[in-house]
Amino acid sequence: MIADSGAGSQATGNPATSVAEDGAAGGADAAHRGGKAGAAALLLGALGVVFGDIGTSPLYAMQTVFTADNAAVGTSPDEVYGVVSLVFWAITLTKVVLVALGILGASLFYGDGMITPAISVLSAVEGLKVSAPGLADYVVPLTVAVVIGLFAIQKFGTGLVGGLFGPVMTVWFAILAVTGGAEVAAHPGIIKALSPVYGARFLAGHGSVAFIALGSVVLAVTGAEALYADMGHFGRKPIHRAWFFIVFPALTLNYLGQGSLILRRPATVHNPFYLLMPGWSQLPMVILATVATVIASQAVISGAFSVTRQAMQLGFLPHLTIRHTSEHEVGQVYAPAVNWFLCAAVTTLVVGFGSSAALASAYGVAVTATFALNTILFLAVARVLKGAAPWKIALGAVVFLTIEVSFFAANLTKVVHGGWLPLLVAALVFTVLSTWRRGRAIVTPNRTALEGPLRAFVDEVNAMEPPVHRVDGTAVFLNANIETTPLALRANVEHNHALHKKVVILSLVVEKVPHIPEAERLVFDDLGHSDDGITHLTARLGFQDEPDVPRILRQASAHPGAGEIYGIDVDDVSYFLSRISIIRTDAKGMRAWRKRLFLAVAHNAASPVDYFGLPADRCVIMGAQVPV
């Protein structure tokens, strides 16, 4: 059963020019909400949520490069300088482009959201093998407990999570900078590795070993793929400030310090991060690292919630329960179904793979494929929608795709060692998204045929003899199609032979832009009968705008041009929803297994009562059957 969404398909007009809107969801300018204090709070929250993932990459990135089973890199000065150089320039070049990218490659992003918590928390808890070898058998159980706790607190919202995590990550980055900086100060020769010459020389002189090493080097930039999704939570300026003044310097110092340590003591390659610490601090550092990796996971979890919400608004998923967790930031949302699905998947990965080293191969494939897809689709948008010059598109493709495709190709060598996992997840998610999209394309025309033209129905109602009985009050009928008759309205007239004195037919149209200004949202239509009390209202929303129907009606009732809607008491409105039962048939259009999948997804859709913010005690649901 699927209740009427009330939300039409995307508008077919020009999708406006604000696709890359700063901050996307209103977290952009803290100065308007508290000045310096607000800006500091957003920066701290961004530090905790957005940069946790990339901030904990030092736990496993260098270790993986020098201990990979298939092609471990040696510890000579040329090799260490080359690896550190590649890590530094990978971080530097990738962050610049991702700031401008949209939320793309959603299927791979979900795979990333599963692997990030698993590898991050595992890599931290594995510090017990260094600081307390006797507790090695407890690594996996402790990791599972931490993961479950992480997902249990998501319902409290990104703002609270960021507020709690921000101070911890401030301490974390400070320790990264101090421990790495102390090693660099004692052995400053490692600073030479910042020159790209060493990275180029390493690639040119070490053949296949260098190529495969790229698959591990890319682990240093994990978390960057979630950046744009998290911009909706905090805005661009706080993220920029946190990156350039805190995160980037701390990471650079720590990677340089690890490289210096490996040069001096090659035996430390099995865990250079923890062995960079004094012996007395290793166990406390395991605790801090575990907390930090919980935070690291927050970036992709928050991003998954944002991507899910936008996929729903754009018609790639059915309505799922989405809860807004902030009174000030519209982009801060929580999706319970996604949260607990990810929790189950992450727990399975932890138990199944058992170590961060085993998960590293899967992680690299997910991240690099997401990078490459983001760039390709961004360049297409820049050309088609923004009209960017062909030479600019070509230059961007050469610069960024050369880097990202190289990283992805290097990780393809790891497909048989676990890299198959994110590809499988992506294939499954892509199948669900495309099946839902295709199923809607079949169901919608069939439903439209049942509904019939709206204007013709209104004409028929007005011409009825004897006239249809009109009862006191206002009825609101939600309907996705602005041209057709809500099934609930048709059923009410045909079976109950009655109609409210005021009838509002409401259609929500989701545009392919983040936001629509309130002054441009509403379109009124009296359907050619200005005195019969039946009005059509179209509300245009951006894909990040909240579909709050009572709020939309309050705005409409206060509008002088609203006609019959003007001055209605929204708290005394009755809402009518059309619930359809989709019947599987032998009709062509989709294979039988995809029809079964479509029905399964449809059955798990959230109630439109909750999705549209409707008062449950004032809703009436009427049904019909639609074939697929």
Side-chain angles (χ1 to χ4, degrees), residues 54-93 123 126-127 129-131 172-222 248-282 285 289 356-357 360 364 407 410:
I54 196 169
T56 54
S57 296
L59 280 165
Y60 48 80
M62 291 287 281
Q63 171 189 342
T64 304
V65 173
F66 290 98
T67 60
D69 293 333
N70 53 345
V73 176
T75 57
S76 69
D78 283 348
E79 290 169 306
V80 174
Y81 286 161
V83 168
V84 174
S85 177
L86 289 174
V87 167
F88 173 77
W89 286 103
I91 294 173
T92 302
L93 293 176
S123 65
E126 283 171 350
K129 297 178 181 180
V130 175
S131 60
W172 172 260
F173 283 114
I175 292 176
L176 291 187
V178 169
T179 55
E183 176 70 22
V184 172
H187 305 89
I190 191 65
I191 294 176
K192 293 186 293 185
L194 297 181
S195 169
V197 172
Y198 286 96
R201 185 184 298 169
F202 175 73
L203 291 175
H206 289 78
S208 60
V209 172
F211 177 72
I212 295 174
L214 284 176
S216 299
V217 168
V218 76
L219 296 178
V221 293
T222 55
F248 182 67
L251 289 176
T252 300
L253 284 173
N254 195 263
Y255 281 122
L256 287 171
Q258 289 190 44
S260 175
L261 179 65
I262 291 170
L263 273 177
R264 292 193 302 107
R265 296 163 52 196
T268 60
V269 295
H270 71 278
N271 205 318
F273 176 82
Y274 280 108
L275 293 173
L276 193 62
M277 313 287 168
W280 61 266
S281 68
Q282 288 174 356
M285 197 61 190
S356 60
F407 280 137

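- Under the rule for a side chain to side chain donor-acceptor pair (under 3.5 Å), the partners of S76 that lie at least two apart in sequence or sit in another chain are E79.
- In this structure, the side chains of T252 and L194 come closer than 4.5 Å at one or more pairs of heavy atoms.
- Rounded to the nearest 0.5 angstrom, Q63 CD and S356 OG are separated by 5.5 Å.
- Side chain of S195 to main chain of K192: no donor-acceptor pair is present (N/O by atom type, distance under 3.5 Å, no hydrogens or angles).
- Looking at residues two or more places apart in sequence or on another chain, you find no side chain to side chain donor-acceptor pair (under 3.5 Å) involving S85.
- When every heavy atom of V80 is checked against every heavy atom of G259, the shortest pair comes out as CG1-O, 3.3 Å.
- Rounded to the nearest 0.5 Å, atoms CG (L256) and CD1 (I190) are 6.0 Å apart.
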Evaluate side-chain contact (heavy atoms from CB on, under 4.5 Å) for R264 paired with H187, printing each intermediate quantity in order.
CA-CA 9 Å; R264 292 193 302 107; H187 305 89; 3.0 Å; yes
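- A heavy-atom distance below 4.5 Å is not found between the side chains of L253 and V178.
- To the nearest 0.5 angstrom, Q258 atom CD is 7.0 Å from F273 atom CZ.
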For L263 and T75, what are the C-alpha separation, side-chain angles and deciding distance, and is it a side-chain contact (heavy atoms from CB on, under 4.5 Å)?
CA-CA 6 Å; L263 273 177; T75 57; over 6 Å; no
Hey, mind stepping through Q282 and L275 against side-chain contact (heavy atoms from CB on, under 4.5 Å) and telling me if it holds?
CA-CA 8 Å; Q282 288 174 356; L275 293 173; 4.0 Å; yes
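- No side-chain heavy atom of S260 sits less than 4.5 Å from a side-chain heavy atom of V184.
- Between F88 and Y81, the distance separating the two ring centers is not shorter than 6.0 angstrom.
- Once rounded to the nearest 0.5 Å, the distance linking CG of N254 with CG of L176 reads 4.5 Å.
- Separating the CH2 atom in W280 from the CE atom in M285 is a distance of 10.5 Å, to the nearest 0.5 Å.
- Scanning both residues, G257 and E183, for their nearest heavy atoms gives O-CG, 3.3 Å.
- In this structure, I262 and V83 have side chains that are not in contact, with every pair of non-hydrogen atoms separated by 4.5 Å or more.
- Rounded to the nearest 0.5 Å, atoms CG (L261) and OG1 (T179) are 10.5 Å apart.
- Contact record, Y255 with V84: O-CG2, 4.0 Å, taken as the closest heavy-atom pair.
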